[in-house]
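To start, the structure itself, in structure tokens.
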Amino acid sequence: MSETETTGASYAAAGVDIEAGDRAVELMKEWVKKTQRPEVLGGLGGFAGLFDASALKRYERPLLASATDGVGTKVDIARQMGVYDTIGHDLVAMVMDDIVVCGAEPLFITDYICVGKVHPERVAAIVKGIAEGCVLAGCALVGGETAEHPGLLGPDDFDVAGAGTGVVEADRLLGADRIRAGDVVIAMASSGLHSNGYSLVRHVLFDRAGMRLEQRVEEFGRTLGEELLEPTRIYSLDCLALTRTTEVHAFSHITGGGLAANLARVIPDGLHAAVDRSTWTPGAVFDLVGTAGRVERLELEKTLNMGVGMMAVVPADSVDVALTTLADRGVDAWVAGEITERGEHPTGATLTGDYAA
């Protein structure tokens with residue numbers, strides 16, 4: 001019999017390294033601390049994160065908003081590049097920008113990191129990205145879980161997910177019931193692909209076009225990998241700033257499903273959002289995916305954000321203040337469409353015209 005057959009089984013022998021997990025927790029503590037809000041109680045390492053709900057007493061009727069998400073196959077780009085400190089930024093964006101759509105202030109998030117083998121420095125780098133994203137979203141990272149799954153994931157494989165909570169005053173809840181004909185649709189520029197459509201992007205650029213992550217692309221002014229790993233823009237505090245400075249009726253976070261489908265989710269029955277493509281030019285990465293894969297425009301538009309990461313629906317008399325507020329915060333934004341009666345339109349939102357050259 002071999003030595004392994006004559007000795008007792010152990011968790012470590014099965015591939016789970018508890019000591020490495022403990023070291024990862026120690027390494028991430030400094031980053032988690034940077035996300036703390038006054039309402040957070042206790043420190044990292046407890047069984048549950050604690051948030052002082054008495055802070056909600058200032059609300060007349062507080063509504064809690066929650067969301068959960070991941071970043072999809074973008075994690076494989078991070079793995080191949082050996083860059084782990086930006087993917088957490090994407091995670092916070094995907095969760096908290098969903099929460100802010102209803103007008104809710106992000107409060108806290110918890111994460112779940114699943115790895116084939118715990119490399120403490122890598123796990124800490126992922127948490128660093130989550131913490132930096134939390135600072136940009138104004139929320140706290142109150143806890144999470146790192147799970148080691150040997151045999152199911154390769155030693156360098158990983159995935160991330162998160163769940164977040166926010167709060168909004170009931171009478172300030174945003175959504176379809178506030179939208180009226182004559183409202184204006186404002187688009188906010190994305191930072192790139194964000195965190196959706198990477199299965200299509202990877203198939204087109206790697207499998208069909210034979211491109212490499214280290215390949216420099218002149219249109220990007222950097223390598224393909226650097227472009228694909230560009231973090232998702234976090235709009236949470238920008239959207240909240242809009243609600244404080246002017247009247248906003250609704251937001252739409254442009255994620256999986258594309259611009260028209262996501263905008264339609266906040267358009268009430270009987271009304272229609274007409275968005276004019278000629279008001280902006282999608283970034284070079286969208287053109288590359290379309291050209292390299294001969295992907296039809298409608299397929300691109302229902303998969304990728306096409307250069308718009310968030311949309312706001314505001315009354316016509318709020319447009320100037322809204323655009324000024326966003327410009328002051330460094331957000332590229334423009335009037336992209338309007339709300340009309342539904343008429344013969346079969347869906348709640350459509351794209352018209354051609355993109356600007």
Side-chain angles (χ1 to χ4, degrees), residues 71-94 97 125-126 128-130 132-133 135-137 187-235 237-238 253-256 258-259 277-297 299-301 303-311 323 326-334 336 354-357:
V71 300
T73 58
K74 189 172 183 175
V75 297
D76 194 54
I77 305 298
R79 179 191 63 79
Q80 292 186 61
M81 294 186 64
V83 176
Y84 300 94
D85 62 354
T86 62
I87 205 73
H89 186 124
D90 294 286
L91 178 64
V92 175
M94 299 307 291
D97 283 347
I126 294 170
K128 170 180 179 287
I130 296 173
E132 291 173 339
V135 171
L136 293 174
M188 301 179 218
S190 68
S191 57
L193 292 170
H194 284 185
S195 298
N196 295 105
Y198 273 74
S199 294
L200 172 65
V201 170
R202 290 164 54 246
H203 171 67
V204 165
L205 300 185
F206 303 149
D207 299 340
R208 299 191 63 169
M211 298 184 72
R212 306 179 311 280
L213 287 172
E214 66 275 15
Q215 180 176 337
R216 181 174 176 80
V217 180
E218 292 305 318
E219 293 86 346
F220 302 157
R222 54 183 174 177
T223 67
L224 176 63
E226 289 169 336
E227 176 70 25
L228 297 185
L229 209 57
E230 177 68 33
T232 305
R233 181 158 200 160
I234 297 175
Y235 301 92
L237 296 184
D238 304 316
H253 186 196
I254 311 305
T255 58
L259 194 154
R277 296 184 184 96
S278 70
T279 60
W280 82 96
T281 304
V285 68
F286 302 100
D287 182 61
L288 176 64
V289 174
T291 302
R294 291 185 291 181
V295 184
E296 294 184 0
R297 184 171 71 178
E299 182 66 23
L300 281 177
E301 291 176 339
T303 307
L304 307 178
N305 67 59
M306 301 305 291
V308 178
M310 181 73 75
M311 305 197 89
L323 292 177
L326 292 170
D328 289 345
R329 297 184 60 82
V331 180
D332 183 16
W334 62 94
D354 294 317
Y355 294 110

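- Considering every non-hydrogen atom in both Ile234 and Gly133, the closest pair reads CD1-O, 3.5 Å.
- Contact of the Arg297 side chain with the Asp354 side chain is registered, since non-hydrogen atoms from C-beta on lie closer than 4.5 Å.
- Legend: residues meeting ring-ring contact (aromatic ring centres under 6.0 Å, His included) with Tyr198, ordered by chain and number and at least two apart, are absent.
- Asn196 places none of its side-chain heavy atoms less than 4.5 Å from the side chain of Leu304.
- Minimum interatomic distance between Ile87 and Ala78 (heavy atoms only, all atoms of both residues): CD1-CB, 4.4 Å.
- For Glu227, the salt bridge (Lys or Arg N to Asp or Glu O under 4.0 Å) partners at least two apart in sequence or on another chain are Arg222.
- The distance from atom OG of Ser195 to atom CG of Leu91, rounded to the nearest 0.5 Å, is 8.5 Å.
- Residues in residues 73-92 take part in these ring-ring contact (aromatic ring centres under 6.0 Å, His included) pairs, two or more places apart or across chains: Tyr84-Phe158.
- Met94 places a side-chain heavy atom less than 4.5 Å from the side chain of Thr255.
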Donor-acceptor pairs under 3.5 angstrom involving side-chain atoms of residues 208-217: please list them, not counting sequence neighbours.
residue, atom, partner, partner atom, Å
Arg212, NE, Glu214, OE2, 3.3
Gln215, OE1, Arg212, N, 3.2
Arg216, NH1, Gly221, O, 3.4
Arg216, NH2, Gly221, O, 3.3

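- Between Leu228 and Val201, some side-chain heavy-atom pair lies under the 4.5 Å cut-off.
- For Ser199, the side-chain contact (heavy atoms from CB on, under 4.5 Å) test picks out Thr73, Arg202, with sequence neighbours left out.
- Contact of the Met306 side chain with the Leu300 side chain is registered, since non-hydrogen atoms from C-beta on lie closer than 4.5 Å.
- A salt bridge does not link Arg233 to Asp332: none of the charged nitrogens lies less than 4.0 Å from a carboxylate oxygen.
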Test Met81 against Leu229 for side chain to side chain contact (heavy atoms under 4.5 Å, CB included), laying out the working first. CA-CA 9 Å; Met81 294 186 64; Leu229 209 57; 4.0 Å; yes
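- Between the side chain of Glu226 and the main chain of Thr223, a donor-acceptor pair closer than 3.5 Å is present.
- Contact detail for Leu237 and Arg329: the closest heavy-atom pair is CB-NH2, 3.4 Å.
- Partners of Thr279 under the side chain to side chain donor-acceptor pair (under 3.5 Å) rule, at least two apart in sequence or in another chain, are Trp334.
- Every residue two or more places apart in sequence or in another chain that forms a salt bridge (Lys or Arg N to Asp or Glu O under 4.0 Å) with Asp90 is listed here: Lys74.
- Between atom CD of residue Glu230 and atom CG of residue Leu193 there is a gap of 10.0 Å, rounded to the nearest 0.5 Å.
- Considering only residues two or more places apart in sequence or on other chains, Leu323 meets the side-chain contact (heavy atoms from CB on, under 4.5 Å) condition with Ile186, Val319, Ala333, Val335.
- When side chains are defined from C-beta on, Ile130 counts as touching Val92, because their heavy atoms get closer than 4.5 Å.
- The CD atom of Glu299 sits 6.5 Å away from atom CG of Leu200, with the distance rounded to the nearest 0.5 Å.
- Screening residues 78-88 for salt bridge (charged side-chain N to carboxylate O under 4.0 Å, His left out) gives Asp76-Arg79, Arg79-Asp157, Asp85-Lys128 as the qualifying pairs, with residues at least two apart or on separate chains.
- By the salt bridge (Lys or Arg N to Asp or Glu O under 4.0 Å) test, Asp207 is found to be paired with no residue, residues two or more places apart in sequence or in another chain being considered.
- Among residues two or more places apart in sequence or in another chain, the side chain to side chain donor-acceptor pair (under 3.5 Å) test is passed with Ser190 by Asn305.
- Residues His253 and Asp97 approach most closely at CE1-CB, 3.4 Å, considering heavy atoms.
- A pairwise comparison of heavy atoms in Ala336 and Ala187 identifies CB-CB, 3.8 Å as the closest pair.
- Ile77 approaches Gly225 most closely through the heavy-atom pair CG2-O, 4.3 Å.
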Atom pairs and distances, side-chain donor-acceptor, residues 281-295, under 3.5 Å, sequence neighbours left out:
residue, atom, partner, partner atom, Å
Thr281, OG1, Ala356, O, 2.8
Thr291, OG1, Asp287, O, 2.9

